[in-house]
Every structure is written in C-alpha cells, then in structure tokens.
Number of protein chains: 2
Amino acid sequence: MSLAATKDTLKQRGIRLTRQRQLLLELIDQSGKHLDAESLYRMAQERDPKLNRVTVYRTLKLLKEGGLVDELDLMHYGGDQHYYETRTKQEHAHIVCLRCGKVEEFFGDVLQRLRRQIETTFGFQIVIARTEIGGYCAHCQVLRAQEMTEARLDTAAAGAKPARP
Amino acid sequence: MSLAATKDTLKQRGIRLTRQRQLLLELIDQSGKHLDAESLYRMAQERDPKLNRVTVYRTLKLLKEGGLVDELDLMHYGGDQHYYETRTKQEHAHIVCLRCGKVEEFFGDVLQRLRRQIETTFGFQIVIARTEIGGYCAHCQVLRAQEMTEARLDTAAAGAKPARP
DNA sequence: GTTAGTGCAAACCTTTTGCAGCTCT
DNA sequence: AGAGCTGCAAAAGGTTTGCACTAAC
C-alpha cells in the first residue's frame with residue numbers, strides 16, 4: 001500500500017493527518033522493513049525534536065488496529081520490543097538468524113495452503129497469520145562450527161593446566 | 001518428553017535438580033499447555049510460599065535455552081507476556097480467537113512442508129518454528145455479527161435523538 | 001568444600017495512561 | 001467551536017540483575 005493510499009484510508013476513517021502523523025507515515029514508508037518503536041522515534045526526532053515517544057506508540061497502535069501495518073516479534077532477537085512493517089499484498093514468513101540477527105522473508109504458496117486448511121478445518125476466520133522461524137543462516141552455520149571447535153580446544157587447554165590463571 | 005526424561009536431560013548437563021526446580025518441572029508437566037510465568041508462579045506458591053518469582057523466570061529461561069519448552073506469544077492476547085509449553089514431538093500452529101481467547105492447535109504436514117521448503121530455499125538450519133494465527137473462531141463469528149447489528153441499531157437510535165442523554 | 005542456585009530488592013525496558021493544553025477540520 | 005491529538009509525567013507490566021546467603025553435588 002502506497003503512502004498516499006494510506007493517507008486516504010486514514011482520512012476516510014475520520015482520522016486527522018496531523019504534522020506528527022505525516023512525518024511518521026513518511027518514515028515508515030521510506031524505511032526498510034522491520035522498524036521498532038524506538039528506532040522510529042529516533043528517526044522522527046531528527047526531523048522534529050519535540051515529537052514525543054508516546055505519539056509514536058499511539059500512531060503505531062492506530063495503524064496496527066486499522067490493519068495498515070503488521071506487528072512482528074522476530075523471535076525476540078534483540079529484546080521484547082515489537083517490529084512493524086507495512087502490510088504487503090503477499091503473506092510471508094520471517095526467518096531470523098539467531099546468531100547475526102539477519103531477517104529473511106519467505107513467500108510461497110505453502111503459506112496460503114496452510115491458511116486455507118486452518119479456515120476449513122476449524123471454520124476459523126483468519127485476521128492475521130504470523131510465521132516466524134529462528135535458526136542459523138548458511139553463513140552463521142559455518143561460523144558456529146568454528147566457534148564450537150575453538151571452545152573445545154580451550155577446554156582441552158584448560159584441562160592440561162588445571163588451575164585458571 | 002516425559003518428566004523423568006526431562007530430569008535426566010538436565011542432570012546430564014550438570015544442572016542441579018533443586019527442590020524448586022523439581023516443583024516447577026512437575027507443575028509444567030501436569031498442567032495443560034500454555035502456561036505463563038505468572039500463572040506458574042502462583043501455582044508454585046501454593047505448594048512452596050517461599051519460592052520466588054525470579055526463580056520461575058530463571059527456570060523457564062533455562063528450559064527454553066535447553067530446548068525443553070517452547071515459548072509462545074499467542075498473538076499477545078491478554079498482554080505481552082510469554083507462554084510456555086513442553087516440547088511435543090509434533091510441530092503445530094497455534095490459533096487464537098481474538099474475541100474469546102480460545103487457543104486451538106493445528107497439526108498437519110503443511111507445516112513440515114513449509115519447514116523443508118525454508119531449509120532448502122535458504123540453506124537455513126531451523127531451531128524453532130512458530131506459527132500463530134489470530135482471528136475469530138466459529139462460535140465468535142456469530143456473536144460478532146450480532147454485536148455489530150446491535151451497534152448499528154444503537155447508532156441509528158442515537159441519530160434519531162441527536163443529543164446524548 | 002565448591003560451585004551453582006536461591007531470595008530479596010532494585011533496576012530495567014517497553015508500553016500505556018491521565019490530564020491539561022493545543023490543533024486540525 | 002469542538003472533538004481529536006499531542007506532550008509531559010508518571011505508572012504499569014513483564015522480565016532481568018547484583019549481591020549475600022544457602023543448598024546440591
């Protein structure tokens with residue numbers, strides 16, 4: 001959904017486009033994905049130092065409730081805050097590397113199939129679906145193997161010289 | 001995983017089976033699924049009033065890191081706390097009704113298919129996978145329809161008599 | 001006897017709320 | 001004009017940490 005379309009949607013719902021909201025909407029729109037409230041706040045403050053953190057939270061809540069952004073946890077990598085992304089047309093899963101924190105997105109019709117199965121199995125009306133996967137990306141798998149080898153060598157060395165220096 | 005097996009696993013890792021941990025493990029094992037820290041704490045206190053909330057958090061963290069329990073958000077229905085369930089053999093999705101809070105579980109090989117696709121697409125080594133779905137259960141769909149009708153009638157009534165009493 | 005684990009108090013981080021004043025429409 | 005929104009301060013909710021004491025191995 002484009003920035004202009006989002007503004008229209010809000011206007012239609014009788015929600016005021018204040019200076020602060022315009023700024024926040026722009027920032028969310030421009031930014032890459034997966035912003036958390038604090039990052040958004042800091043970005044906003046550079047352009048409007050008086051803008052309050054509370055306004056950020058209130059705006060995000062508004063957008064979330066209006067279905068204009070999705071809220072993610074990203075496996076709580078880096079804390080318990082929430083992340084937000086503008087709602088894309090296509091459902092996708094988030095894949096988080098537990099070592100480097102990189103987030104990949106997976107599109108694929110398995111997700112739609114899952115959705116349909118759940119709707120029919122339970123007669124459930126789905127509003128939001130969230131799949132988050134944690135593990136190690138190809139790159140970090142290698143690095144972890146190295147780290148583990150080093151740790152083993154350290155332990156062996158410590159074993160040879162019984163007491164710690 | 002059975003209670004005894006969990007205890008063994010912990011022992012093998014050199015983790016002490018203190019009185020407090022034994023109690024918490026039992027409670028987690030007995031309880032139905034989807035316990036949050038506070039509930040577990042309250043249950044534990046009935047049997048050991050001196051057991052501290054902090055110990056509950058530390059034990060849950062331990063179990064989570066050891067892969068003995070899974071941590072869930074359940075779409076933050078009812079707050080931002082986490083829920084825990086003992087790790088079952090079978091991966092499943094959690095389906096949360098946003099009106100009544102009921103949680104259903106969905107097993108199905110679509111989930112395994114999704115898992116495999118992600119592993120091969122990204123060369124990703126999956127540690128935890130979490131699918132949570134929010135929406136309205138069959139029962140609440142009906143109730144919501146009624147509520148919306150009532151709301152419409154209220155608005156109409158309010159419209160007929162312009163000022164609020 | 002060590003070392004890991006506990007309890008307590010206090011801090012922490014993220015998010016929400018109450019209220020007076022400002023601003024969009 | 002007036003409801004809606006903002007900023008500020010303060011609180012809430014959930015979780016973690018530092019430290020002295022205790023208990024498991």
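Chain naming here is simple, since letters A, B, ... match the order of the sequence lines and numbering starts at 1 in each.
In this structure, the CD atom of B:Glu65 is 12 Å from the C1' atom of D:dT16, given to the nearest Å. Atom NZ in B:Lys50 sits roughly 14 Å away from atom C1' in C:dA9 (whole-Å rounding). Rounded to a whole Å, the CG atom of A:Leu35 is 15 Å from the P atom of C:dT14. One atom, CG of B:Asp48, and another, P of C:dC8, lie 10 Å apart when rounded to the nearest Å. For the pair A:His76 NE2 and D:dG14 P, the computed distance is 13 Å after rounding to whole Å. Atom CD in B:Gln45 sits about 13 Å away from atom C1' in C:dC8, given to the nearest Å. For the pair A:Leu23 CG and D:dC5 P, the interatomic distance rounds to 17 Å; values are reported in whole Å. Atom CG of B:Asp73 is separated from atom C1' of C:dT14 by 14 Å (rounded to the nearest Å).
Relative to the side chain of A:Asn52, the nucleotides D:dG7, C:dG5, C:dG7 differ in distance, and D:dG7 lies closest.
Remark: B:Thr55 is not in phosphate contact with C:dT6, judged by side-chain N or O atoms under 4.0 Å from OP1 or OP2.
Map B:Gly14 and A:Gly78 each onto its nearest nucleotide of DNA chain C; the residue landing nearer the 5' end is B:Gly14.
Summarising the hydrophobic clusters (Ile, Leu, Val, Met, Phe, Trp, Tyr; side-chain heavy atoms under 4.5 Å, direct or chained), the residues clustered with B:Ile126 are A:Ile95, A:Phe106, A:Val110, A:Leu111, A:Leu114, A:Ile118, A:Phe122, A:Phe124, A:Ile126, A:Ile133, B:Ile95, B:Phe106, B:Val110, B:Leu111, B:Leu114, B:Ile118, B:Phe122, B:Phe124, B:Ile133. A:Val142 belongs to no multi-residue hydrophobic cluster, having no ILVMFWY side-chain contact under 4.5 Å with any other such residue.
End-to-end axis angle of the helix from C:dG1-D:dC25 to C:dT25-D:dA1, from C1' rotation axes over five pairs per end: 40° (rounded to 10 degrees).
For A:Ser39 and A:Asp36, the side-chain atoms include at least one donor-acceptor pair closer than 3.5 Å.
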>> Could you go through A:Thr59 and A:Ile28, starting from their C-alpha distance and side-chain angles, then the distance that decides it, and tell me whether this counts as side chain to side chain contact (heavy atoms under 4.5 Å, CB included)?
In response: CA-CA 11 Å; A:Thr59 302; A:Ile28 293 171; 5.5 Å; no

>> Test side-chain hydrogen bond (donor to acceptor under 3.5 Å, both in side chains) on A:Glu132 and A:His94; report intermediate values, then the result.
In response: CA-CA 5 Å; A:Glu132 298 191 346; A:His94 290 95; 5.1 Å; no

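One hydrophobic cluster holds both B:Tyr41 and B:Leu27 under the rule that ILVMFWY side chains link at heavy-atom gaps under 4.5 Å.
Residues forming a side-chain contact (heavy atoms from CB on, under 4.5 Å) with B:Gln90 (at least two apart in sequence, or on another chain): B:Phe107, B:Gln112. Here A:Tyr57 pairs with nothing under the ring pair (Phe, Tyr, Trp, His ring centres under 6.0 Å) rule; sequence neighbours left out.
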> What is the per-nucleotide protein-contact pattern of nucleotides 15-25 of chain C, from the 5' end, where B denotes a base atom under 4.0 Å from a protein heavy atom, S denotes such proximity for sugar-phosphate atoms only, and - denotes neither?
Replying inline: BBBB----BBS

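Between the CG atom in A:Leu40 and the CE atom in A:Met43 there is a gap of 7.0 Å [rounded to 0.5 Å].
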